[in-house]
Amino acid sequence: MSVTTCARPLEPAVLIDYWLGDLTPAEEEDVEEHLLGCGSCGERLGELVALTGSVRALADDGLVRAVVTSAFVDSLVGERFTVREYRLVPGGRIECTVTPEDDLVAAHFSVDLRGVSRVDFIRCDAEGREENRLDDIPFDPATPEIVLLERMDRVRALPACVKRVKLIGHEGNDQRVLGEYVFAHTPPGQGP
Amino acid sequence: MLSDADLARSIAAAAPGEASDAEGELYARLAPRVRLYGLRHLRDAQAAADLVQQVLLMTIEHLRDGKIREPERLASYILGMCRMVVLDLRRGSLRRDRVLRRFADDLAGVEVAGPTCLDTERLRDCLAGLGERERTVLVLTFHAERTAAEVAGELGLTATNVRVIRHRALGRLRACLDDMEPAT
């Protein structure tokens with residue numbers, strides 16, 4: 001079935017705002033009438049919806065590493081995901097693992113974020129050599145916590161090892177270590 | 001290619017049983033659009049499928065009966081029908097069974113295809129190439145299809161900030177998937 005092109009195509013931003021309910025009622029009515037009369041824009045919306053669904057599916061499968069929030073992790077638990085959660089304080093060390101029953105793993109880093117304008121997350125090996133970093137992670141200065149959802153495929157593949165995490169805070173031209181945390185990981189079946 | 005309005009006119013003008021091709025073509029065009037409307041308002045694939053059948057079978061019936069006087073405003077007519085049926089579905093109406101018993105056999109089975117599957121490995125890599133704020137906003141948004149205001153409240157941002165980040169992130173994601181820029 002061929003689809004004619006549209007003389008006034010809806011912008012992708014409008015399509016996603018519509019899909020998520022971020023338009024005013026009047027805007028929504030105009031967009032809906034256009035979508036019901038336009039195969040081309042309807043097809044584009046369908047592609048966008050497929051993309052959003054795929055992002056959700058990847059996250060639900062633990063294949064997206066992302067800074068999230070405690071409220072988001074709570075919502076996952078409420079939806080009956082099995083979330084293995086670890087909570088660390090600055091200077092703390094935790095024994096950790098994952099089991100086949102775990103759907104997702106989340107690490108909660110307690111940290112004072114007041115006064116910083118930017119936070120970087122750096123993971124190092126046991127000797128302190130940098131392995132990976134997440135620059136300029138989102139954070140709420142009013143919430144003394146960073147929550148990271150890790151990629152399950154990578155965590156499951158880890159051998160027994162020690163990983164060190166540093167949170168670096170930027171304040172103007174200065175930067176300082178906000179906290180250091182240690183994970184002592186044991187593979188599935190051998191863990192704590 | 002005939003417009004939707006032209007198809008509607010040909011259905012209205014045809015003798016009984018003489019417009020099955022036009023009816024099938026119109027149904028096939030409108031079904032994906034009505035399905036998306038249903039997914040948007042009902043957030044349930046089965047309910048959206050019910051909406052498609054109810055709305056379009058009634059639309060075809062009304063075209064046959066000459067009740068749609070302005071075929072060029074078919075989209076507006078269908079929008080009104082969608083709103084009414086969504087209310088019915090939310091109230092658990094039994095209109096569906098009655099309509100389907102009358103008309104379901106009249107139209108050749110029209111499959112309403114779901115969205116096409118994406119290359120999930122490439123999507124995963126493209127997501128990893130986004131900035132941290134972009135990825136966070138997409139994950140928090142799309143897990144439960146939340147508004148910008150809802151996500152903003154969790155991240156200490158404004159809703160406008162979230163929408164800007166969201167639009168930028170989707171643009172970059174789309175470009176990466178289309179191979180216009182490499183995933184980094």
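Throughout, protein chains are lettered first and strands after them, A, B, ... in sequence-line order, and every chain is numbered starting at 1.
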Among residues 15-25 of chain A, which residues come closer than 4.5 Å to chain B, judged by heavy atom distances?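 The list, in residue order, reads A:Ile16, A:Asp17, A:Tyr18, A:Trp19, A:Leu20, A:Gly21, A:Asp22.
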Name, in order of residue number, those residues of residues 55-72 of chain A that have a heavy atom at a distance of less than 4.5 Å from a heavy atom in chain B; otherwise write 'none'.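 Listed by number, the contacting residues are A:Val55, A:Arg56, A:Leu58, A:Ala59, A:Asp60, A:Leu63, A:Val64, A:Arg65, A:Ala66, A:Val67, A:Val68, A:Thr69, A:Ala71, A:Phe72.
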Is B:Arg83 salt-bridged to A:Glu29, cutoff N-O under 4.0 Å?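 Salt bridge: yes.
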Separation of B:Tyr37 OH from A:Leu35 CG (nearest 0.5 Å):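 OH of B:Tyr37 is found 11.0 Å from CG of A:Leu35.
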Mind checking the CD-CG spacing from A:Glu32 to B:Leu36? Nearest 0.5 Å is all I need.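 Reported to 0.5 Å precision, the distance equals 11.0 Å.
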Segment of [X] engaging chain A (4.5 angstrom heavy-atom cut-off):
X: B:Arg146; value: both
X: B:Arg43; value: side chain
X: B:His143; value: both
X: B:Arg163; value: side chain
X: B:Leu155; value: both

Considering only Ile, Leu, Val, Met, Phe, Trp and Tyr, and joining two whenever side-chain heavy atoms are under 4.5 Å apart, list the other residues clustered with A:Ile122.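 ILVMFWY cluster around A:Ile122 also holds A:Ile168, A:Val177.
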Side-chain heavy atoms under 4.5 Å apart, restricted to Ile/Leu/Val/Met/Phe/Trp/Tyr: what other residues fall into the cluster of A:Leu158, or is it alone?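 Members alongside A:Leu158: none; it stands by itself.
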If every non-hydrogen atom of A:Ser54 is compared with every non-hydrogen atom of B:Leu123, which pair is closest and at what distance?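 Nearest heavy atoms, A:Ser54 then B:Leu123: CB-CD2, 3.4 Å.
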Taking B:Thr141, B:Leu79, B:Thr120, B:Asp4 one by one, which has the highest count of heavy-atom pairs under 4.5 Å against chain A?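 Among the listed options, the one with the most contacts to chain A is B:Leu79.
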Of the backbone (N, CA, C, O) and the side chain (C-beta and beyond), which part of A:Glu11 lies under 4.5 Å from a heavy atom of chain B, both, or neither?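 Nothing of A:Glu11, per the 4.5 Å heavy-atom cut-off to chain B.
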